[in-house]
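Note sheet for the following structure.
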2 protein chains.
Amino acid sequence: MVAETSRRDRHREQTVGEIKQIARRQLTEVGTGGIALRAIAREMGMTAPGLYRYYASLDDLITALILDCYEEVVTAMEQARDALPADSLGARLHAASRAFRTWSVGHPVEFGLIFGAPLPGYARPPEGALEQAGARFAGVFRDLFVQIWARRPFPLPDESSIDPRLVEQLERYSARTGGRLPVTAVYLFVACWVRMYGAVAMEVFGRIRWALEEGGALFETELRQLAELLGITEEYALPPAPSSAAGGA
Amino acid sequence: MVAETSRRDRHREQTVGEIKQIARRQLTEVGTGGIALRAIAREMGMTAPGLYRYYASLDDLITALILDCYEEVVTAMEQARDALPADSLGARLHAASRAFRTWSVGHPVEFGLIFGAPLPGYARPPEGALEQAGARFAGVFRDLFVQIWARRPFPLPDESSIDPRLVEQLERYSARTGGRLPVTAVYLFVACWVRMYGAVAMEVFGRIRWALEEGGALFETELRQLAELLGITEEYALPPAPSSAAGGA
DNA sequence: ATGCTTAGTTATCAGCGTTCACTTAGTGGT
DNA sequence: ACCACTAAGTGAACGCTGATAACTAAGCAT
């Protein structure tokens with residue numbers, strides 16, 4: 001066993017990459033329903049049953065694509081975060097948030113895959129791989145949130161203003177994830193995420209066009225409000241480049 | 001021309017109703033991708049091409065379903081609103097909001113149809129019928145918002161806290177719809193809707209389950225916060241029935 | 001060189017939206 | 001009452017989809 005990767009293994013990895021690459025391209029071109037085994041195989045110069053050597057079913061391939069998308073958006077957020085000094089926590093949170101929106105707007109179909117309505121015939125795998133990827137995504141925001149709180153606690157809402165049932169659920173969630181924050185801070189975290197999700201999802205799904213031509217300005221305004229809640233407005237600054245010029249491959 | 005509806009016309013209307021009814025049932029059972037002309041025809045004891053006498057294409061039928069869903073949710077909201085005294089504006093807004101969430105949670109697939117990611121192969125009709133239905137939906141919230149403002153103006157955010165580009169867009173939107181509110185109030189309206197949309201969409205799409213078991217308590221807490229913004233907290237009251245027992249056919 | 005594993009093929013099945021040619025049933029005019 | 005017209009519905013066909021079974025060819029280790 002000199003090399004773990006034989007000639008055949010390397011060829012296999014390359015084929016898997018080609019499948020996912022073509023699948024991603026067709027996904028963005030045709031939309032969520034455009035992931036078709038036969039179309040992928042055709043473009044690869046293969047026949048459809050051959051793909052079953054690499055994925056047990058279409059759902060398995062979709063799961064792989066979703067995991068890749070998680071990886072992409074998380075990487076984009078982490079890179080944006082790490083491009084700033086480690087002690088500029090507020091700026092880091094802003095950068096990660098903007099990276100989240102930029103990726104989402106640039107990849108609307110993939111965003112729907114991760115954060116939208118469940119796919120028509122798709123059945124989530126029971127292994128928990130998707131949950132793990134989701135937790136990693138949430139972790140980027142949560143870690144920054146916790147660090148900002150640890151550095152300089154911000155004012156928290158009164159617990160009496162939170163529905164008692166929600167307090168219970170939040171306490172369970174908090175206990176599940178280590179629980180170093182007061183429950184009202186956990187509430188604030190969830191509430192902030194809901195607001196950011198709402199702004200981005202509405203824009204990406206095109207559900208805000210009845211009022212606005214574009215979503216970037218709304219997002220920035222929302223981000224500024226969230227910054228106020230967390231006491232990091234002094235680290236708020238307009239994004240380095242106009243939102244439409246960002247993004248990439 | 002004694003009767004506008006001949007025997008054949010009545011039969012046709014009945015058939016259209018049966019088509020939509022079966023389509024709705026299959027939609028809720030199988031999901032968004034479950035709208036299949038052949039399956040509908042089979043259940044009706046017909047063949048698929050026969051359905052083309054009633055809808056020019058599958059997309060046309062989907063459009064009809066979406067319009068029906070708009071009608072349903074708007075009716076639910078209006079009924080909840082009108083069940084309360086006309087001068088209890090805050091209570092009316094709360095009732096309409098809760099009706100919106102109740103319908104959405106009870107009809108997750110239909111919610112995705114209206115407010116989620118665009119359907120895979122579906123092409124929106126260019127006539128503007130969907131836009132009109134959407135405008136009617138937004139009108140329920142907007143009218144209540146305007147009335148509440150007219151009765152007792154609530155504190156508005158400073159215009160300097162809003163992105164100038166957003167102010168421009170909001171002013172255009174405001175002018176388009178009559179424009180009797182200051183632009184900062186229009187912003188508040190949009191921001192409130194984004195927050196409510198976020199909370200409901202996350203719950204309906206199951207994207208909050210990593211933290212919470214259920215979404216009703218979060219929604220109530222969010223609703224209470226929005227009530228504070230609009231100065232109608234004294235009209236806030238817990239919903240008449242537990243949120244899980246509501247809903248219906 | 002032999003034997004096992006993997007990659008990929010063809011053939012086939014059931015289901016999908018859509019079109020075309022055709023039959024049947026209902027409607028209005030004379 | 002009859003005739004012409006229209007709408008409703010059928011059956012066959014085309015090309016697309018995911019999936020399975022049986023089979024061939026290539027890679028690899030012993």
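Predicted, not measured: the structure shown is a model, and the values here were computed from it. Reminder, nothing fancy here: chain letters follow the sequence lines and each chain counts from 1.
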**OP:** For B:Leu67 and B:Ala129, work out which heavy atoms get closest and say how close.
**Re:** CD2-O, 3.8 Å
Subject >> Atom-pair distance (CG on A:Asp9; P on D:dC28), nearest Å >> reply: 8 Å
Subject >> B:Ile62/B:Tyr55 under side-chain contact (heavy atoms from CB on, under 4.5 Å): CA gap, chis, key distance, verdict >> reply: CA-CA 10 Å; B:Ile62 293 177; B:Tyr55 294 100; over 6 Å; no
Original post:
Which of parallel (below 30°), tilted (30 to 60°) and perpendicular (above 60°) describes A:Trp193 and A:Phe100?
Top reply: tilted
**OP:** Could you state the atom-to-atom distance from NE2 of A:His11 to C1' of C:dA7 in whole Å?
**Re:** 8 Å
Subject >> For A:Trp103, the option from A:Val74, A:Val200, A:Val73 that meets side-chain contact (heavy atoms from CB on, under 4.5 Å) >> reply: A:Val73
**OP:** Starting at atom CE of B:Met46, determine the distance to atom P of D:dA7, rounded to an integer number of angstrom.
**Re:** 16 Å
**OP:** Report, as a single string ordered 5' to 3', how protein heavy atoms within less than 4.0 Å touch nucleotides 14-21 of chain C: B base, S sugar-phosphate only, - not at all.
**Re:** -SBBBBB-
**OP:** Provide, to the nearest angstrom, the distance between the CG atom belonging to A:Asp60 and the C1' atom belonging to D:dA19.
**Re:** 13 Å
Original post:
Do A:Glu220 and B:Arg165 have side-chain heavy atoms sitting under 4.5 Å apart?
Top reply: yes
Original post:
Atom CG of A:Leu61 and atom P of D:dG18: how far apart are they, to the nearest Å?
Top reply: 10 Å
Subject >> B:Arg10 CZ - D:dA8 P separation (whole Å) >> reply: 14 Å
Original post:
Is any side-chain N or O of A:Thr47 closer than 4.0 Å to OP1 or OP2 of C:dG8?
Top reply: no
Subject >> Note, B:Leu218 side chain near A:Gln169 side chain (heavy atom, < 4.5 Å) >> reply: no
Original post:
So, is A:Arg12 close to the C:dA7 phosphate, meaning a side-chain N or O under 4.0 Å from OP1 or OP2?
Top reply: yes
Original post:
Can you check the B:Met44 CE to D:dA8 P distance for me, whole Å?
Top reply: 12 Å
